[in-house]
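When a residue number appears, it is its place in the shown sequence, counting from 1.
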Amino acid sequence: MAGKASSQQYAPLPSHPIHQNVIVLPYFHPPPNSTYLFLRRCLFHTTAILLLFSAIYFLYPSDPSVGIARIKLNHIRVHSVPKLTLDLSFSLLVKIKNRDLYSLDYDSLNVSVGYRGRELGVVRSEGGKIRVRGSSYVNATLDLNGFEVINDVFYLIEDLARGVVPFDADTMVDGQLGFFFFNIPIKARVSCEVYANTVNQTIVRQNCYPK
């Protein structure tokens with residue numbers, strides 16, 4: 001048998017092609033959750049506030065730290081003739097520390113020594129400059145000769161009988177801090193209670209605290 005010819009027919013191509021427009025739609029993103037947006041904003045504001053407070057903490061100027069690194073009793077003598085007088089000599093090594101990120105210029109360093117709330121004498125030293133985060137040591141010596149004891153004579157006699165005389169040592173620094181284009185005045189003070197042994201001419205005990 002002879003095979004049958006295929007009777008399938010194809011439509012001829014059009015002489016003029018038909019142009020079609022194709023529209024590409026973007027991928028659909030669901031709207032963000034409102035809780036997520038709120039948390040993200042809170043995190044951003046919290047981070048900004050923490051950075052601001054950190055900058056203020058590190059850049060805001062503060063007073064220097066003042067301390068007594070060493071104190072020495074050179075001599076203490078009591079004279080009863082012709083009247084009750086006191087000879088006293090202290091040597092102190094004062095440490096001034098600049099805790100800021102700016103240089104510190106201090107104008108003066110004043111050290112006063114007192115007995116039972118009454119000032120006996122003051123020694124003043126010249127100023128200086130302390131670098132950023134640096135420290136400076138200043139020597140101060142107070143020599144007091146022939147100080148007449150009147151008001152506290154009975155307390156002094158009692159302390160001398162015990163062999164220990166309490167003194168007050170106050171150290172104060174005045175200066176200015178170079179904060180950008182400004183000069184900010186600063187003050188620092190430390191007070192010490194010093195107990196001097198009149199027998200062996202030494203410091204028995206000292207308690208210092210900033211004020």
Side-chain angles (χ1 to χ4, degrees), residues 49-76 86-149 151-152 155-156 159 164-196 202-211:
I49 292 174
L50 290 177
L51 291 176
L52 177 62
F53 276 102
S54 299
I56 293 175
Y57 175 78
F58 286 105
L59 296 179
Y60 191 79
S62 59
D63 291 333
S65 173
V66 180
I68 305 296
R70 185 177 66 247
I71 185 169
K72 178 184 177 182
L73 176 64
N74 299 324
H75 65 261
I76 177 173
L86 181 67
D87 293 346
L88 182 67
S89 177
F90 274 111
S91 293
L92 301 97
L93 181 62
V94 182
K95 179 182 179 181
I96 309 173
K97 183 177 180 181
N98 182 12
R99 298 177 292 183
D100 293 310
L101 300 175
Y102 317 97
S103 61
L104 169 65
D105 294 316
Y106 65 96
D107 302 323
S108 63
L109 172 68
N110 301 329
V111 180
S112 66
V113 174
Y115 174 72
R116 295 190 177 274
R118 184 186 178 190
E119 186 177 280
L120 300 179
V122 180
V123 58
R124 295 179 175 87
S125 66
E126 297 180 354
K129 187 180 184 67
I130 305 177
R131 66 182 186 276
V132 175
R133 298 282 186 177
S135 300
S136 178
Y137 291 87
V138 181
N139 287 300
T141 302
L142 174 65
D143 291 320
L144 184 66
N145 296 317
F147 182 80
E148 187 174 354
V149 181
N151 298 330
D152 303 314
Y155 293 109
L156 182 59
D159 293 333
V164 177
V165 179
F167 293 99
D168 303 321
D170 287 347
T171 305
M172 186 169 61
V173 175
D174 289 328
Q176 55 188 3
L177 195 67
F179 182 70
F180 291 106
F181 301 104
F182 305 96
N183 290 325
I184 301 176
I186 54 94
K187 283 188 178 182
R189 182 178 178 182
V190 61
S191 296
C192 296
E193 297 176 352
V194 181
Y195 297 86
T202 58
I203 301 296
V204 178
R205 185 174 72 256
Q206 60 174 324
N207 301 320
C208 298
Y209 50 90
K211 296 184 69 175

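Surrounding CZ of R99 are more than 12 heavy atoms belonging to other residues, nucleotides or ligands, all under 6.0 Å away. Summarising the local packing, NZ of K187 is surrounded by 12 or fewer heavy atoms from other residues, nucleotides or ligands at distances under 6.0 Å.
When P64, S65, S135 are each tested for a side-chain contact (heavy atoms from CB on, under 4.5 Å) with K95, only one passes: S135. Each of D174, V138, N98 was checked for a side-chain contact (heavy atoms from CB on, under 4.5 Å) with Y106, and the lone residue meeting it is V138.
Taking CG of L92 as the reference point, atom CG of N139 lies at 9.0 Å (rounded to 0.5 Å). One distance of note links OG1 of T202 with OH of Y195; it measures 15.0 Å at 0.5 Å rounding. Here CG of N145 is found 9.5 Å from CG of L86. Values are rounded to the nearest 0.5 Å. Atom-to-atom distance recorded for I96:CD1 and S136:OG is 5.5 Å, nearest 0.5 angstrom. To the nearest 0.5 Å, atom CG of residue L73 and atom CG of residue L88 are 6.5 Å apart. Summarising the geometry, atom SG belonging to C192 is positioned 6.5 Å from atom CD1 belonging to I71; distances are rounded to the nearest 0.5 Å.
Salt-bridge annotation for R116 and D159: present, with a side-chain N of the basic residue lying under 4.0 Å from a carboxylate O of the acidic one.
Between the R189 side chain and the T171 main chain, no donor and acceptor come within less than 3.5 Å of each other. The backbone N or O of M172 lies less than 3.5 Å from no partner atom in the side chain of N110, so there is not a single donor-acceptor pair.
Residues A196 and V204 approach most closely at C-CG2, 4.4 Å, considering heavy atoms. Shown here for C208 and V190, the closest heavy-atom pair between the two residues is CB-CG2, 4.2 Å. Taking every heavy atom of both residues into account, E148 and R118 meet most closely at O-NH1, 4.1 Å.
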Problem - Working for side-chain contact (heavy atoms from CB on, under 4.5 Å), residues V94 and L109 - result: CA-CA 9 Å; V94 182; L109 172 68; 4.1 Å; yes

Handout entry: Intermediate values then yes/no, side-chain contact (heavy atoms from CB on, under 4.5 Å), V123 and D143
Key = CA-CA 9 Å; V123 58; D143 291 320; over 6 Å; no

Exercise for the section: Could you go through the side-chain contact (heavy atoms from CB on, under 4.5 Å) check for V194 and D168 one step at a time? Expected result: CA-CA 6 Å; V194 181; D168 303 321; over 6 Å; no

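Under the 30°/60° scheme for interplanar angles, the aromatic rings of F167 and Y115 are found to be tilted.
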